[in-house]
Amino acid sequence: MKKLISLFLILTLALIVGGCSANTSTASADMAATRASGEDDKWENVQVEFDAEDYYARLERCVRQIREKTDFVPDIALVLGSGLGDYADTVKVVAEIPYSEIDGFPVSTVAGHDGTLIFCEIEGKKAVIMNGRVHYYEGYDIHEVVLPLRVIHMLGAETVVLTNAVGAINADYSVGDFVTNVDYISSFVPSPLVGENIDKLGDRFVDMTNAYDEELISIVEGVAKENNIALHKGVMLQVTGPQYESPTEIKMFRSLGADTVGMSTVVETIAARHMGMRVCCISCITNMAAGMQEKISHEEVQNSSNDSSKNFSTLVSGLLSKMK
Ligand code: HPA
């Protein structure tokens, strides 16, 4: 009996080992075949799920679905951040499409980030408002985060005005002030340009020397001055979130040259510059960064940006009325 059991165990083991080596040899044969197939297949060896061809087809599918509902061609994209959604109530709406009605469009999971594309006229300019955005911290891949902006560019928009809520790292800034970015630090978030380049959107390597358009910056400065709104020109650092930073992280970010910290807009800036769009970013300071005030809460961030909504509207409308 013992002999029989041992024989059974040996046979089972032999089958398992045989199976494994057969799998291994199939896998290595697959890889060899992929390598042998040449240039076109080189991305199959890259260990990321991003498939540039599928992704671009999805962009085109989103554009087609939107085009079934409206033929409006926007010149400007306006991306509204947390608590700033009320601005959409003040514009002349031509068409509205909820993100959930566009198959393949990412939908936000965060309170205060309703997802609607609003095709409209603002100060005589043809614009599309992205009312609500998705964030990397929600678990979306970084390519998903920038997908809506890419679709909007394919609809015609050549300029994007990004808005968000940020914490102030610069001690000279105060809650309720605004900042227009003159530069950014993206080194703490993944690049949306990682993976096979989509040549139809832009070049593989993109210069970021003047990521934020100088003309738009000076228009925002002028509008702020005319309306007595406190506005700074600063450097924004994007983090992944969703947790707010530790006080020591904030000290590090300050030593790196950051004036503000937030969980969005820098990756959108990168995707927009990849497509050659003009970019302007206006941030509302909702809190002093960690270690500079007692505590930070999402409610405080939302309430502060709601309190600043009138000045925010003035800045955005002023910018749109003056931009060429
Ligand atoms: N840190 C990161 N993101 C933010 C903050 C902050 O302090 N305030 C608003 N968004």
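In each ligand, atom 1 is the first atom listed, and ligand 1 is the first ligand listed.
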Show me a pair-per-line table, with atom names and distances to 0.1 Å, of protein N or O atoms that are under 3.5 Å from an N or O of ligand 1.
residue  : atom   : partner : partner atom : Å
ligand 1 : 1 (N)  : Glu245  : OE1          : 2.8
ligand 1 : 1 (N)  : Glu245  : OE2          : 3.3
ligand 1 : 7 (O)  : Asn287  : ND2          : 2.9
ligand 1 : 8 (N)  : Gly167  : N            : 3.3
ligand 1 : 8 (N)  : Asn287  : OD1          : 2.7
ligand 1 : 10 (N) : Ala165  : O            : 3.3

#### Entry: Validation row: Val166, Asn164 side chains within 4.5 angstrom (heavy atoms)
yes

### Task
Please name the pair of heavy atoms, one in Arg67 and one in Leu155, separated by the smallest distance, quoted to 0.1 Å.
NH2-O, 3.2 Å

### Query
In Å and rounded to the nearest 0.5 Å, what is the CD to CE distance from Glu294 to Met288?
14.5 Å

### Query
Would you call Arg61 and Asp103 a salt bridge, taking side-chain N to carboxylate O under 4.0 Å as the test?
yes

### Query
Do NZ/NE/NH1/NH2 and the carboxylate oxygens of Glu60 and Lys200 come within less than 4.0 Å?
no

### Query
salt bridge (Lys or Arg N to Asp or Glu O under 4.0 Å): which pairs involve residues 168-178, sequence neighbours left out?
none

